[in-house]
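Okay, so here's the structure we're looking at.
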Amino acid sequence: MKLKRDFYNRDTLIVAEELLGKTLVHNINGKVLKGKIVETEAYLGVIDKAAHSYGGKRTPRVEIMYGFPGRAYIYIIYGMYYLLNVVTKEEGIPEAVLIRGIQPLEGIGEMALNRYKKSLDELTKKQIINLTNGPGKLSKAMNLEKSLNGEDLCGDRLYIEEGSNNKFDIITDKRIGIDYAEEAKDFPFRFYIEGNKYVSKILKK
DNA sequence: CCCATGATGCCCT
DNA sequence: GGGCATCATGGGT
């Protein structure tokens with residue numbers, strides 16, 4: 001069952017948490033790529049120094065965040081990686097959830113080609129984990145790029161559907177890679193499935 | 001295990 | 001021109 005727009009039109013922290021265990025689907029070139037979402041981060045517009053929309057900043061790049069919920073916000077970071085976000089809340093409120101890790105479910109051979117230009121049986125165990133255990137990596141594996149920025153997740157190309165097993169414990173933690181964000185760097189806005197190998201980073205306590 | 005570094009391009013000031 | 005919601009690699013411990 002594909003998630004409907006109502007799912008995304010809610011509190012961003014709740015959406016971030018409830019996206020765990022759901023299945024990200026990308027239909028491309030007649031192939032189906034699927035992965036279970038295992039790690040997310042919430043970015044809360046106006047009050048959140050780590051968000052692109054902090055303080056109500058409105059530029060061409062972040063415009064999608066101000067739009068209606070249930071669309072993809074995909075941007076380039078460090079010149080070479082695409083990061084996938086899901087826009088939440090009603091039009092005018094610039095919030096989103098970053099997908100930071102997925103566990104491959106379908107089309108794994110295709111993901112191996114996308115990431116390493118090798119077939120799945122040529123990969124080491126470490127490379128298999130490395131297929132999708134990070135926001136830049138999963139975009140490469142799932143073939144997500146610039147042209148999908150603004151894509152409606154209530155359409156048929158890129159969407160999220162219900163998962164099958166929803167029994168897991170959730171860890172809440174600080175977000176990754178936002179040391180510049182002053183007090184916001186410690187906000188507990190990161191969520192992941194306890195024990196899952198495709199979580200990008202486990203912080204030691 | 002940890003830390004340092006380079007790659008590389010777009011956005012925004 | 002500075003900086004970035006990252007990753008791969010290479011060295012040390």
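Letters A, B, ... mirror the listed sequences (proteins, then strands); counts begin at 1. Just so it is clear, the model here is predicted, and its values are computed rather than measured. What you see below is based on every heavy atom in this structure, not just the backbone, and it leaves out hydrogens, waters and symmetry mates.
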Would you classify A/Arg58 as touching base, sugar-phosphate or nothing, given that sugar-phosphate means primed atoms plus P, OP1 and OP2, and contacts are heavy atoms under 4.0 Å? nothing

Could you tell me the boundaries of the chain A footprint on DNA chain C, defined by atoms under 4.0 Å from its heavy atoms? C/dC4 to C/dA8

Is a donor on one side and an acceptor on the other found under 3.5 Å between the side chain of A/Lys2 and the backbone of A/Gly155? yes

Counter-base of B/dT8, judged by Watson-Crick or G-U geometry with both distances under 3.5 Å: none

All pairs passing salt bridge (Lys or Arg N to Asp or Glu O under 4.0 Å) where residues 54-83 of chain A contributes a residue, at least two apart: A/Arg58-A/Glu63

For A/Leu98, report the nucleic acid contact type (base, sugar-phosphate, nothing); a contact means any heavy atom under 4.0 Å. base

Using distance alone, with no hydrogens and no angle criterion, decide if A/Asn9 and A/Lys89 have a side-chain donor and acceptor under 3.5 Å apart. no

Got a salt bridge between A/Glu39 and A/Lys201, using NZ or NE/NH1/NH2 to carboxylate O under 4.0 Å? no

Is there a donor-acceptor contact under 3.5 Å from the side chain of A/Thr124 to the main chain of A/Gln127? yes

Protein-to-nucleotide contact annotation, 5' to 3' order, nucleotides 6-13 of chain B [B base; S sugar-phosphate only; - none; under 4.0 Å, heavy atom]: -BBBSSS-

Can you tell me which residue pairs pass the salt bridge (Lys or Arg N to Asp or Glu O under 4.0 Å) test with a partner in residues 45-55 of chain A, sequence neighbours excluded? A/Asp48-A/Arg175, A/Lys49-A/Glu182, A/Lys49-A/Glu183

My understanding is that only residues two or more places apart in sequence, or in another chain, count here; which of them pass ring-ring contact (aromatic ring centres under 6.0 Å, His included) with A/Tyr198? none

Acceptor/donor pairs from residues 26-37 of chain A side chains to any protein atom, 3.5 angstrom cut, sequence neighbours excluded:
| from | atom 1 | to | atom 2 | distance (Å) |
| --- | --- | --- | --- | --- |
| A/His26 | ND1 | A/Met142 | O | 2.7 |
| A/Asn27 | ND2 | A/Asp156 | O | 2.9 |
| A/Lys34 | NZ | A/Glu161 | OE2 | 3.0 |

